[in-house]
Structures are given as C-alpha cells and as structure tokens.
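Working notes, beginning with the structure itself.
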Amino acid sequence: MAERGARERSTTQQGARVLSPRAWAAPVRAMSRILNADGTPRTPMPAGPGRSGVVDCALYVGGRRQPGEWHYAEALEAARRERDAFVWLGLHEPELAEMSAIAETYGLHELAVEDAVKAQQRPKLERFGEVSFLVLRTARYCEHAELTENSDVVETGQVMLFIGPDFLISVRHGDASRLSAVRADLEAKRDLLVHGPWAVAYAVTDRVVDLYLEVADRLEDDLDVLEADVFAPQGSGRIQRIYQMKRELVEFKRAVMPLQRPLLTLVAEVNREVPREVRRYFRDVQDHLSRAVEQVNSYDDLLNSILQARLAQVTVDQNNDMRKIAAWAAIAAVWTAFAGVYGMNFENMPELKWTYGYPGVLALMLAISLALYRWFRRNGWL
C-alpha cells in the first residue's frame, strides 16, 4: 500500500505534493458507484432532466490546486485522505436531483438544500452540525442609455455557500456575480488559500460586497440626473421615473441591509469555526459593507427628498394653473355680465336710444378687461 500511495503522488517544483487523479480515478470511480463512504451500498443517483449545474470542481492541497478534472465524490475522498486539503465545488442553478445527490455525498442538511435550489432567501448564516450555510444576495448595475419609468437599474441574484471542514460548495443563481474571477484571484494567493474553505468564503463575500459598492456608485450618477431634472427650469421630472428608481433602490437595499448580521457573527471572537486570520479579512469586508449601507441609506433619504420636492412642484404648478384659469374667468365674467344685463330686453334701459351706445359698451368692457389683465399680470396670476 505504501508503494501504491507513493506512485499516486507527485511533487511540484516547490516541494508541495500534487495528487494526480488519473492514477486512481478509474478504480475509485468504480467503487464510488457501488459503495458510500461508510461501505454501505450507494443509492443510484437520480438523473436530472436538464444540464449539469457543476461549473468547476477543484481539489486544493496546501493552498495549491491539484491538476486534472475531478468528480465531486472523488475530490472529497481525496481531500479527506490528505492533510490541509479541501474541495471547492462550484454550481450554477443546479437541478433538485443533482443537488440531492451532492447533498448525500457531502452530508448537507435537507433544509439548506431546499433553500439552495429555490434561491428565494434573505442573507443569513445558519449552522447544521459541522456545515455552515451562508446566503448572500448579489447585485449588478444594469446599463441603460436613459433612465425611464421602465428601466432596470439593479439586477439581483443569490450565492449560497456550504462551508464544511474539508469542502466548500458555492451555489450561484443569476448572473449578477460570477465566481470564476474570484477563483482565479484566490488561486494566486496561496498564503490565503491555505486557510481552507473559510478563505474561499471570505473571497466570495468580498467580491459580492465590492459589487455593492460599484452599484452604489453608479446609482449615485442616476440620482444626480434625477435631481438635476427635477430642479431644472424646463425639466419635466416625471414622477414615474422617481418611483421606478425608488423600486430599484428597495431591491438593492434588500440585498445589502440583511447581510450585516451574518458578518457580525463571522467576525465575532466567540466564533471558533472561522480561523483567526480569516476573521481579520472578514472585518475588512464588514467595513466595506458599512460603507455600502451608509450609501444606500443616504440614497434612500435623497430619493425621498427628490420625490417630495417633485410633488411640491406639481402642487405649485396646479395652483398656478388654477390662478390663471381664475384670472381668465374673471376677465370673461365682465363680458358675460354686460351681455346678461343688456340681454334682458327691457324697454327702459340706459343708452338704448343712443347712437354710440353699442360701441360705447364694447369699449367699456374692453377697458375693464384690459385693466383686469394688467392687474393680474402685475400680481403674477398671468
């Protein structure tokens, strides 16, 4: 057995051991189809109706990724035979059948598996035995040429992390936060990756929170446009646009605000599951999240102020319109009054026999109308 184990391992230029899956993948794959880890017969894996949700499965030993393509069951067995080894399994919108099979292999709780498939959860941190379940909501800014009442400004999704002693499973829903760049950056930082699954959890959380800050900065530009439009001399400032922006900000707020409590739990000194060194990194993520929370709250207040200002402008505009209507109605009332008086057809009425009576009355009505018009203009009614 010792000679066989020696043949299955190779050494890198730096002296770190590298497992080669090709040397033992075939027999292990055959046995994994038949037996569970405890030696009992394995239940056949249900076949999902759609594509596989596995994006990447990697085995890390001593902070280095081992070469080759790994099946998630083989990678877990290899990680449990090695010291300082863990598996990072990345999934994208997996089917329930596939997720159930993975849960059976990795010992995941059925409630967490159900949450991971449905992807309708608030950010939270739960613990099921030795496995921690961290839910994050991702956010991405949607580019748009012009902000309208139907513009999509913020797109949200979810990333769920199953963090065990020797594995991390990331389940991503939506395209708001891709994790391939996170994996590439983290694999270049061996001193951080050597801390195991919680280092990956930090890197994913840090990426999600950094996207919060990017979205917040872009939202500020949209709010500046809205504010300038509302207070512009000839601006329209449609209320529908403000309400749409309010809805998008609420969606973003639902992603950012609930994450504060899980991060507080992760950085707490009483939390022994997270390595001390990794907790320092999580504190940096908490600082970034605090900035995002402050920005979201300030944007919410600013948007409420913009909305109130626009509503006040609408009220003022309506009052101005009513004053103009009242002023013109007063001018028209002069002509109506004279027409009503001379339309009563009495014989003994003044100026009926006067040659210039008709043009004189017209001149009088016109003079009164002009006087009223000048008075209304002077007082800002017209």
Side-chain angles (χ1 to χ4, degrees), residues 60 63 86 88 90 116 119 121-127 131-141 154-165 167-220 251-299:
Y60 297 90
F86 72 95
W88 181 0
Q121 302 298 315
R122 286 167 52 88
K124 62 180 180 179
L125 176 64
E126 295 181 341
R127 187 160 182 83
V131 180
S132 297
F133 181 53
L134 178 61
V135 178
L136 307 170
R137 290 198 66 178
T138 59
R140 182 179 66 176
Y141 182 82
V154 179
E155 177 189 354
T156 59
Q158 285 200 324
V159 170
M160 305 175 189
L161 304 179
F162 294 90
I163 310 160
F167 66 86
L168 181 137
I169 302 175
S170 58
V171 183
R172 179 171 60 88
H173 289 265
D175 295 327
S177 178
R178 298 179 180 270
L179 302 182
S180 56
V182 177
R183 189 186 289 266
D185 292 342
L186 193 58
E187 289 176 355
K189 302 176 181 178
R190 183 184 177 188
D191 55 340
L192 178 59
L193 195 58
V194 74
H195 292 289
W198 280 106
V200 179
Y202 150 74
V204 174
T205 307
D206 184 57
R207 173 60 177 168
V208 170
V209 174
D210 285 344
L211 286 178
Y212 289 167
L213 294 175
E214 293 181 12
V215 173
D217 292 339
R218 302 296 299 274
L219 285 177
E220 185 175 7
E251 181 71 15
F252 182 49
K253 194 173 182 179
R254 289 174 181 171
V256 176
M257 305 299 287
L259 187 56
Q260 297 177 92
R261 175 172 290 184
L263 277 182
L264 284 175
T265 304
L266 291 176
V267 302
E269 293 294 335
V270 296
N271 191 341
R272 300 303 179 187
E273 288 77 18
V274 183
R276 179 183 297 273
E277 185 66 25
V278 178
R279 285 205 301 267
R280 298 176 181 174
Y281 287 95
F282 272 116
R283 290 191 186 96
D284 182 68
V285 177
Q286 187 183 26
D287 292 339
H288 293 174
L289 181 64
S290 298
R291 286 176 49 198
V293 169
E294 291 175 358
Q295 286 181 288
V296 169
N297 288 330
S298 64
Y299 295 164

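Heavy-atom basis, side chains included; hydrogens, waters and symmetry copies ignored.
Formation of a donor-acceptor pair under 3.5 Å by the Arg172 side chain with backbone atoms of Gly174 is found in this model. Of the possible donor and acceptor atoms, none in the side chain of Arg122 sits under 3.5 Å from a partner among the backbone N and O of Pro258. No donor-acceptor pair under 3.5 Å is formed between the side chain of Ser132 and the backbone N or O of Arg127. Using a distance-only test at 3.5 Å, with no hydrogens or angles considered, no donor-acceptor pair links the side chain of Arg140 to the main chain of Leu211. Trp88 contributes no side-chain N or O that, together with a main-chain N or O of Ile169, makes up a donor-acceptor pair within less than 3.5 Å. Not one N or O on the side chain of His195 forms a donor-acceptor pair closer than 3.5 Å with the backbone of Arg276.
Within the 4.5 Å cutoff, side-chain heavy atoms of Arg178 are placed close to those of Asp175. Side-chain atoms of Leu213 and Arg291, non-hydrogen and from C-beta on, do get closer than 4.5 Å to each other. Contact of the Arg137 side chain with the Leu259 side chain is not registered, since no non-hydrogen atoms from C-beta on lie closer than 4.5 Å. Looking only at side-chain heavy atoms (C-beta outward), Phe282 and Trp198 come within less than 4.5 Å of each other. Considering only heavy atoms from C-beta on, Val200 comes within 4.5 Å of Leu193 through its side chain. For the pair Asp206 and His288, the minimum side-chain heavy-atom distance is below 4.5 Å. Looking at Val154 and Val215, their side chains come closer than 4.5 Å, going by heavy atoms from C-beta outward.
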Apply side chain to side chain contact (heavy atoms under 4.5 Å, CB included) to residues Arg218 and Glu220 and explain how you reach the verdict. CA-CA 5 Å; Arg218 302 296 299 274; Glu220 185 175 7; over 6 Å; no
Run the numbers on Val204 and Leu186 for side chain to side chain contact (heavy atoms under 4.5 Å, CB included), then give the verdict. CA-CA 10 Å; Val204 174; Leu186 193 58; over 6 Å; no
With side chain to side chain contact (heavy atoms under 4.5 Å, CB included) as the test, would you mind laying out the steps for Leu134 and Leu136 before giving the verdict? CA-CA 7 Å; Leu134 178 61; Leu136 307 170; 4.1 Å; yes
Please step through side chain to side chain contact (heavy atoms under 4.5 Å, CB included) for the pair Val171 and Val159, ending with a clear verdict. CA-CA 6 Å; Val171 183; Val159 170; over 6 Å; no
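Open room surrounds CZ on Arg261; 12 or fewer heavy atoms of other groups in view lie less than 6.0 Å from it. When the shell of 6.0 Å around CZ of Arg283 is examined, it contains more than 12 heavy atoms from other residues, nucleotides or ligands.
Here the closest non-hydrogen pair linking Ala255 and Tyr212 is O-OH, 3.1 Å. The minimum heavy-atom distance linking Val296 with Lys253 is given by the pair CG1-CG, 3.7 Å. Between Pro123 and Arg254, the shortest heavy-atom distance links the atoms CD-O, 4.1 Å. For the pair Gln158 and Ala119, the tightest heavy-atom approach, listed with the atom from each and the gap, is OE1-C, 2.9 Å.
For Tyr60 and Phe86, the ring centers sit closer than 6.0 Å to each other. Checked against a 6.0 Å centroid threshold, the rings of Phe133 and Phe162 count as neighbours.
Rounding to the nearest 0.5 Å places NE2 of His173 at 10.0 Å from CD of Gln121. The CZ atom of Arg183 lies 6.5 Å from the OG atom of Ser170; values are rounded to the nearest 0.5 Å. Atoms OG1 and CG, on Thr205 and Leu266 in that order, are 7.0 Å from each other to the nearest 0.5 Å. Considering OG1 of Thr138 and CD of Glu155, their distance stands at 8.0 Å, rounded to 0.5 Å. Atoms OG1 and CD, on Thr156 and Glu251 in that order, are 4.0 Å from each other to the nearest 0.5 Å.
A side-chain contact (heavy atoms from CB on, under 4.5 Å) with Pro197 holds for exactly one of Val278, Val131, Ile163; it is Ile163.
Taking the six-membered ring for Trp and thresholds of 30 and 60 degrees, Tyr281 and Tyr202 have ring planes inclined between 30 and 60 degrees apart.
Classification of Glu277 and Arg279 as a salt-bridged pair fails, no side-chain N sitting under 4.0 Å from a carboxylate O.
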